[in-house]
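Only one structure is covered here, and it is reproduced in the block below.
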Amino acid sequence: MSASEHPRPASLASLSLALRDRALDADSRTTLAFSIANDPYPLLRFRQALVLEGRARGAVRLRCVSGLATPTERTPFVNWVERLGAWLLDQHDIDGPRLLLRDQLELPDDLSEGWAQWWPEVLWLVPLGPGVADADRKSSSDHAWALFLLEQPPPQALRQQLGGLAATWRYCWLALAPRRRAWQLPRRRLGWLLLVAVIAAMFLPVRQSALAPAEIVSLDSAAITSPLDGVVAEMLVEPNSRVEAGTPLFRLDRSELEGRAEVLRRQLEVASAELDAAGNLAFDWPRCW
């Protein structure tokens, strides 16, 4: 690709301003990443553009590829790109845009073979996250890069325009970072607080209760019975009261007993009358002779 294929200097400024306006209009990092990976093509004529994002513990995620909003399949190419991004994060502390040539980098064998297979010789790397000067905001999860794969380095006039555009991308990327709520704690500190709370809860007394059927059996039981069958008419002591031997406990209903006594009295009268009649009959018997 010759230098004549790049835009003329007169159109560089208008194209750069248009790209800055699109970046400032982005309402999320996803929208901004798609614009970075696709809109600069009239300026750079790149073979491919990618946006990588750093994650916790040095991991790297492929955020966007030119022509695709978000890669969803774990292809060998995606895995290789993320490994290369992790290597760049570990080996380079880049503040501004930089041209990287494959032959000038001491890449591991697997990364070098993948570069020779999938990428051209020239890589223009644009950091989107905080730089060295932003020490208070710098962490592995804040890093991000835009990678532009070129057949040859861009002209000097184009590099000057791209420097201002890269600064705009970086400003917008940092401005669109998810804001942490004031009360939200870091995950590590929150994990320690949860562990302390669990340990403290283990020493708290726990009172438990349950409903279950039960039967109370006396050690020295005694059978309390009545000499007669009948109906209890009145309880003479309160339940669960202490009593002494010989204390009346209840009173039976007398109506049935009195009825039975009345019947027996009438039977006795009838028997007495029959006995008297039999005596009189025995006394008058000789007179009949």
Side-chain angles (χ1 to χ4, degrees), residues 1-7 11-12 15-16 18-20 22-23 26 28-55 59-92 94 96-105 107-129 143-155 158-159 161-170 172-173:
M1 180 173 59
S2 63
S4 59
E5 295 181 5
H6 290 283
S11 61
L12 288 178
L15 289 174
S16 180
L19 293 177
R20 292 183 184 184
R22 293 180 185 178
S28 65
R29 281 188 171 181
T30 301
T31 304
L32 179 61
F34 185 82
S35 175
I36 293 174
N38 293 275
D39 295 339
Y41 180 77
L43 284 177
L44 293 172
R45 302 292 181 179
F46 49 77
R47 181 190 294 184
Q48 192 177 47
L50 310 94
V51 176
L52 300 178
E53 183 178 28
R55 306 185 73 178
V60 174
R61 178 170 70 101
L62 180 58
R63 185 68 180 263
C64 184
V65 182
S66 55
L68 296 175
T70 302
T72 57
E73 298 182 359
R74 302 300 305 178
T75 62
F77 174 75
V78 172
N79 294 332
W80 174 82
V81 168
E82 292 181 351
R83 291 200 308 272
L84 178 63
W87 183 85
L88 292 174
L89 174 63
D90 184 59
Q91 299 293 328
H92 296 78
I94 301 175
R98 181 180 300 183
L99 281 174
L100 300 177
L101 302 179
R102 183 186 63 196
D103 296 339
Q104 298 177 359
L105 299 176
L107 291 169
D109 293 339
D110 59 334
L111 297 181
S112 180
E113 292 176 2
W115 191 322
Q117 179 181 359
W118 285 310
W119 281 5
E121 179 70 20
V122 181
L123 170 65
W124 188 55
L125 189 150
V126 180
L128 302 176
H143 286 281
W145 311 270
L147 307 180
F148 298 92
L149 312 182
L150 307 174
E151 299 293 342
Q152 63 183 17
L158 181 58
R159 295 188 193 182
Q161 293 290 334
L162 294 177
L165 179 59
T168 303
W169 287 341
R170 177 186 240 175
C172 295
W173 185 269

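Since the structure is predicted, the reported quantities are computational estimates derived from the model, not experimental observations.
The closest side-chain heavy-atom distance from L128 to I36 is below 4.5 Å. With contacts defined as side-chain heavy-atom distances shorter than 4.5 Å, the pair V126/L162 does not qualify. Between L123 and L99, every side-chain heavy-atom pair lies at or beyond the 4.5 Å cut-off. Residues L50 and L149 have side chains in contact (heavy-atom distance under 4.5 Å, counting atoms from C-beta outward). In this structure, F46 and L150 have side chains that are in contact, with non-hydrogen atoms separated by less than 4.5 Å. Residues P40 and W169 meet the side-chain proximity criterion, which asks for heavy atoms closer than 4.5 Å.
Here the CZ atom belonging to R63 is positioned 11.5 Å from the CG atom belonging to L52, to the nearest 0.5 angstrom. Here the straight-line distance linking atom CG of L105 with atom CH2 of W87 works out to 5.0 Å at 0.5 Å rounding. Taking CZ of R45 as the start and CG of L158 as the end, the distance is 11.0 Å to the nearest 0.5 Å. Distance check, rounded to the nearest 0.5 Å: CZ of R74 to CG of L62 gives 8.0 Å. A distance of 5.0 Å separates CH2 of W173 from CD of E53, quoted to the nearest 0.5 Å. The CD atom of E121 lies 11.0 Å from the CG atom of L100; values are rounded to the nearest 0.5 Å.
Between C172 and A23, the closest heavy-atom pair is SG-O, 3.5 Å. Looking at every heavy atom in both residues, Q48 comes nearest to V65 through NE2-CG1, 3.6 Å. What you find for A37 and S66 is that their closest heavy atoms are O-CB, 3.1 Å. The shortest non-hydrogen separation linking F34 to C64 is CA-SG, 3.7 Å. Of all non-hydrogen atoms in R22 and S35, the two that sit nearest each other are CB-OG, 4.0 Å. In terms of heavy-atom proximity, R20 sits nearest to L165 at NH2-N, 3.6 Å.
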Would you mind writing out the side-chain donor-acceptor pairs for residues 109-119 within the sub-3.5 Å range, not counting sequence neighbours?
| unit_1 | atom_1 | unit_2 | atom_2 | d |
| --- | --- | --- | --- | --- |
| W115 | NE1 | P120 | O | 2.6 |

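Panel note: side chain T168, backbone G164; a donor-acceptor pair is recorded below 3.5 Å.
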